[in-house]
J.: 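Have a look at the structure that comes next, please.
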2 protein chains.
Amino acid sequence: MSKPAKPRYRQLKELIIGQISAGELRPRDRVPSENELVDATGVSRMTANRALRELNDEGYVERVAGVGTFVSDFKAVSHVLEVRNIADEIERRGHNHTAIVLVQEKSAAAPGTARALRVDEGTEVFHLVLIHHENALPIQVEHRCVLMEFAPDCLQQDFTAITPSAYLSAISPLQEAEHVVRAVMPDAEIRNSLEMGDHEPCLLVSRRTWAHGRTVSFARLYHPGSRYELSGHYVPPGTEAFSRAGEYNDE
Amino acid sequence: MSKPAKPRYRQLKELIIGQISAGELRPRDRVPSENELVDATGVSRMTANRALRELNDEGYVERVAGVGTFVSDFKAVSHVLEVRNIADEIERRGHNHTAIVLVQEKSAAAPGTARALRVDEGTEVFHLVLIHHENALPIQVEHRCVLMEFAPDCLQQDFTAITPSAYLSAISPLQEAEHVVRAVMPDAEIRNSLEMGDHEPCLLVSRRTWAHGRTVSFARLYHPGSRYELSGHYVPPGTEAFSRAGEYNDE
DNA sequence: TGCACTAGCCTGTATATACAACCTGGGGGG
DNA sequence: CCCCCCAGGTTGTATATACAGGCTAGTGCA
C-alpha cells in the first residue's frame, strides 16, 4: 500500500528547504524562478507559484516582483522568537556596541551543558564567555558552548568584531531555536561583569539553536534586570503596526 | 487618482476578518463555503479558496474537508506570542489551578496604567488583583486593568471560576497582544502573596491586548523566579517537533 | 429498527491561460 | 556622455476547469 503521496507543491517546498538546510542555497542566493521550476520539474506555474509563495510567507525566502526569489537571512525566518543578535539590537537603537572576550577555549562540557547539547558529559566543546556593552555600559554576559564540528575555526575568530551569534548564523543555516526565559539572582562574577548592585535580579535567556536537525550551540545570556527587557507583540497580518510599549510603572 | 485597489482575495479576507472582529462571526461559527462566496461576490472559486486558505494558515479559521470552515478560538490565532491563560497552562501540565480574588473594583487609573491603556490619567477602569495557584503553590499575581466599556459586567464575574484572560477572550475577539518581560525584585506585598524568600527575583510579564484597534486591557503578571519560566521555540513548518527544554544548570 | 450505501456538498490540489505590475539592462536619441 | 525608453524576465493576481478525497444526511433495503 503506497503512502497518500504528498502534494506536489509540498514536494517542491521540501526540495528547496532541503537545499537551504544542506547549504547548497545560502542566504541571499537566488532561488530558481517559477518558470525555471516549471521547466525543471514539469509542474504548472501556479503550483510552483504556490510553493514559492508559501516559502515566502513562512520566511524562508523573499520575493521581489520583477527581480526574483532569494533565500532569507535567518532572522527573517523567525519573527516568532527572533534570534536576537545583541549587536544588531543595540545598533538598531542607535547606540554603540562593544564586546570583551573573557574566555575562548576548548573544554569539556559540564553536565548541564552536555544535556542541553545532547552530547556525552565531558565531550570537548568550544566555550566562550563575553561581555557585551551598550554605550560602554555592560548589558549582557554571554556564556556559550558550541559543538566543535560545526565551527572548527571558532578559536581563531575575533568575537569583538563579530558576535558569536552572527558568526554561527554565517557559517551554518540556523533552522530551529528555543528560548527559555527566567529571572535569577546573579552570582558574584556575573554581578561584577554587569556592574550590578546587590539584590538586583538578572533576566536569563537560555537559547539553543539547531541546524540540520542537530544541536549546534547552547548559550546562557545574562542581562541586568534594571537595564534590559524582552518585548514582542503579535499583530495579525493585514493590520497596521502600532507603537511599541515603553515603561509603565505606577509609582 | 484612485488607490492601487487591493486584490480581491485580500478584500475577501478583510471582509471575513471584519465580521469576526465585529462579533458577527463568533468562534466555532460556520464561515461561508467557497461556493457560497463565489455566488455572493462573483469571484472564482480559486480566489475564494485562497482567501479562506490564508485565513486558515493565519489561524483565523479552521477548515475541515467535507464539512466546512469555522471561526477559530483566539488562542489558535497566535502561536507567535501565545496569549497564555494561566489556568490552561497549569491544566496542560496535569496540575490543579485555583485562584483567589484580592481586588475587584472600579478605580481611577494610575499614571503608568493610564499611559499603557492610552486613556487620560484618572479615568475610571476596572481593577483586578488575583493570586493564581498551581497545586496550592502560588505561581502568579495578576494585576489587571480593563477598560470599562469593553466589559461592563466585570464586577459581577466570578474570577475564581474563569480567569480574567479567558473572560476577556470570550466577550471580545482579541486581535493584538504585546508582551514585555523583565526581571524585577518584588515588593513586600507580591513577595508575601507568592510566598517567596528574601532576595528572590520575579519574572514580570506586562501584557497589553487590543481588540477592534483599541486597547482593552493591561496586565502585570508577577511570577516567582524560582518556580516559573517562559519558554518558546521556533520550528520551521514541515520539520518534526523536537522535545522541550528542561533545566540546564551546571552546578 | 438498524444497517449499508450513496448522493451531494465541502475542501484540497493541479493545470492552462491571461493580464498587470515591477525591475533591470541595454540600446538609441539628445 | 547622460538620460530616456523599451524589451524581456519575474512576480502577483484572477479565472475556468477538473478530479480526488472527506464527511454527512438521507434513502432504502433487510
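Reminder, nothing fancy here: chain letters follow the sequence lines and each chain counts from 1.
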J.: Find the distance between CZ (A/F218) and CZ (A/R144) and round it off to the nearest 0.5 Å.
T.: 10.5 Å
J.: Can you name the side chain to side chain donor-acceptor pair (under 3.5 Å) partners of A/R45, sequence neighbours left out?
T.: A/E34
J.: So what's the dot-bracket for DNA chain D: Watson-Crick or G-U pairs under 3.5 Å, [ ] if a pair crosses, | if it pairs off-strand?
T.: ||||||||||||||||||||||||||||||
J.: I need the CD-C1' distance between B/E34 and C/dG12, as an integer number of Å.
T.: 8 Å
J.: Give me the distances for all protein-to-nucleotides 18-23 of chain C N/O pairs that come in under 3.5 Å?
T.:
residue : atom : partner : partner atom : Å
C/dA18  : N6   : A/R45   : NH1          : 3.3

J.: Could you check whether the rings of B/F159 and B/Y167 sit parallel, tilted or perpendicular, using 30° and 60° as the cut-offs?
T.: perpendicular
J.: B/T215: what forms a side chain to side chain contact (heavy atoms under 4.5 Å, CB included) with it, not counting sequence neighbours?
T.: B/L117, B/R118, B/W210
J.: Under the side chain to side chain donor-acceptor pair (under 3.5 Å) rule, collect the residues that match up with B/S44, sequence neighbours excluded.
T.: B/T47
J.: Mind checking what makes side chain to side chain contact (heavy atoms under 4.5 Å, CB included) contact with B/E36, not counting sequence neighbours?
T.: B/R30, B/P32, B/S33
J.: Can you list the residues that meet the side chain to side chain donor-acceptor pair (under 3.5 Å) rule with A/H97, with sequence neighbours excluded?
T.: A/H132
J.: Taking side chain to side chain contact (heavy atoms under 4.5 Å, CB included) as the definition, give me every residue that meets it alongside B/A166, ordered by chain and number, with sequence neighbours left out.
T.: B/N85, B/I162, B/T163
J.: Pick the nucleotide of DNA chain C nearest each of A/R8 and B/G68; which residue has the one closer to the 5' end?
T.: B/G68
J.: Check every nucleotide of DNA chain D for an atom under 4.0 Å from a heavy-atom of chain A, then give the first and the last such nucleotide from 5' to 3'.
T.: D/dG9 to D/dA14
J.: Which residues satisfy the side chain to side chain donor-acceptor pair (under 3.5 Å) test with A/T41, sequence neighbours excluded?
T.: none
J.: Using whole Å, what does the distance between atom C1' of nucleotide C/dC10 and atom CG of B/L52 come to?
T.: 11 Å
J.: Just the rounded figure in Å: distance from P of C/dT13 to NZ of A/K6.
T.: 13 Å
J.: Measure CZ/B/R50 against C1'/C/dG12 and give the value in whole Å, please.
T.: 16 Å
J.: Does B/T69 have a side-chain nitrogen or oxygen under 4.0 Å from the phosphate oxygens OP1 or OP2 of C/dT11?
T.: yes
J.: Please list, chain by chain and in numerical order, all residues satisfying side chain to side chain contact (heavy atoms under 4.5 Å, CB included) with B/Q156, sequence neighbours excluded.
T.: B/D153
J.: By salt bridge (charged side-chain N to carboxylate O under 4.0 Å, His left out), which residues pair with B/E24, not counting sequence neighbours?
T.: none
